[in-house]
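Before any comments, here is the structure.
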Amino acid sequence: MYENNEIFRIKNNLVISLKMNEIKIFSPATVANVACGFDVLGFCLDNVGDEMVIRKTDKKEINITKIEGFHVPFEIQKNVAGVSALAMYDVIKPDYGFEIEIYKNIKPGSGIGSSAASAAGSVFGMNELLGRPFNKTELTQFAIKGEALANDCEVADNVAAALFGGFTLVKSVTPLEVLQIPSPQQLYATIIHPQIEIKTSEARAILPKDIKLKDAITQWANFGSLIHSLHTNNYELLRKSLHDVIIEPYRSKLIPHYNELKKEAINAGALGSGISGSGPSVFSLSKGIENANAVRDAIKKVYSKTGIAFDIHVSRINKEGVKVIYSH
Ligand code: HSE
């Protein structure tokens, strides 16, 4: 990858080229909340995501020069990738600038981390071109600034999962602390994305300000046992833990046929299902690809009858996060 470059630096035992001028990256879709982990847990998908090209320019500024796929703003201050890029740029102040091309495959408002993929992708790519001055936690901090534009608040569950890969637990946003949680080898996700848009800010606005102690106890028992199940490869415990008694009752009303989808996924053998992020996507987790495919077929049947357009993805858990497609 680096053979045409002349200047290198060693950081964290990695040889880094400082003469790299252009990079293309894949920035993955992510599932936030994962049933009982509202705002703190997320996982990363393997085969769904945006691509971005970032290159150095002589002008000391950041510009978005191309957007394909879905419509998002070109103005740097109004684009999540631009806002996170600026947050990083203002800290490092290099004597050059960057231009960013965004190839969006993840529809905004889909609930699988569209804004997070953009926010994480720009800072990941710039960091590579800068010779990796920042670690993944620092990159997540910049990406949160972009995410905040879409969410109206600073949450890191999608951006942390996109940058670190695997399952991530955001222990705290201020100061930022991200824990990487192991992913059982045979765990697969099936994601259905009904083609309706739900804005995260609106899906947050309908949530209650206070919750019952009884519900909180159920939720943190489920959350603790979910984390334990991921550490111990315990699929049965995972099945028993994937329940959300706090957020789902409110948000499920925004997703047409949600209860039927969930019922059919579980009947087809899914370990559990829930709303992906703030919806409308719905995720199911399965042990093994065969089961994930059976869940896909079952939920496809439900949605085929509704007249609502949809996409379905089956994905293993992406343990790597954002990755380089090429650089030179
Ligand atoms: N946890 C967020 C929410 C998802 O459900 O509102 C976006 O980060």
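Ligands are counted one by one from 1 in listed order, and the atoms in each one are counted from 1 as well.
For ligand 1, the atoms closer than 4.0 angstrom to any heavy atom of G277 are 5 (O). The R251 neighbourhood of ligand 1 comprises atoms 3 (C), 5 (O), 6 (O), with distances under 4.0 Å to a heavy atom of that residue. Numbered from 1 in the order shown, with element, the atoms of ligand 1 that lie under 4.0 Å from a heavy atom of V155 read 8 (O). Near F38, with a cut-off below 4.0 Å to any heavy atom, the atoms of ligand 1 are 3 (C), 5 (O), 6 (O). Taking a cut-off of under 4.0 Å to the non-hydrogen atoms of N158, the atoms of ligand 1 that pass are 4 (C), 7 (C), 8 (O). Close contacts of ligand 1 with D39, meaning ligand atoms under 4.0 Å from a residue heavy atom, involve 1 (N), 2 (C), 3 (C).
K323 forms a cation-pi arrangement with F26, by the criterion of a distance under 6.0 Å to the ring centre and an angle within 45° of the ring axis.
In summary, K104 and E51 do not engage in a salt bridge, as defined by a charged side-chain N under 4.0 Å from a carboxylate O. Using a cut-off of 4.0 Å between Lys/Arg side-chain N and Asp/Glu carboxylate O, D39 and R204 are scored as salt-bridged. Taking a cutoff of 4.0 Å between a charged side-chain nitrogen and a carboxylate oxygen, R239 and E236 qualify as a salt bridge. The pair E101-R55 meets the salt-bridge criterion, with a side-chain N (NZ, NE, NH1 or NH2) lying under 4.0 Å from an Asp/Glu carboxylate O.
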Discussion item. Ring pair (Phe, Tyr, Trp, His ring centres under 6.0 Å), that's the test. Do F134 and F142 meet it? Break it down for me.
Written reply: CA-CA 10 Å; F134 300 109; F142 297 127; 4.9 Å; yes
Item to complete: Using the side chain to side chain donor-acceptor pair (under 3.5 Å) rule, take E61 and Y89 through it: C-alpha gap first, then chi angles, then the decisive distance, then the call.
Response: CA-CA 9 Å; E61 58 188 33; Y89 193 75; over 6 Å; no
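The protein heavy atom nearest to atom 6 (O) of ligand 1 is R204 NH1, 2.6 Å. If you check which protein heavy atom lies closest to atom 8 (O) of ligand 1, you get D157 OD1, 2.7 Å.
For the pair T200 and ligand 1, the shortest N or O to N or O distance does not fall below 3.5 Å.
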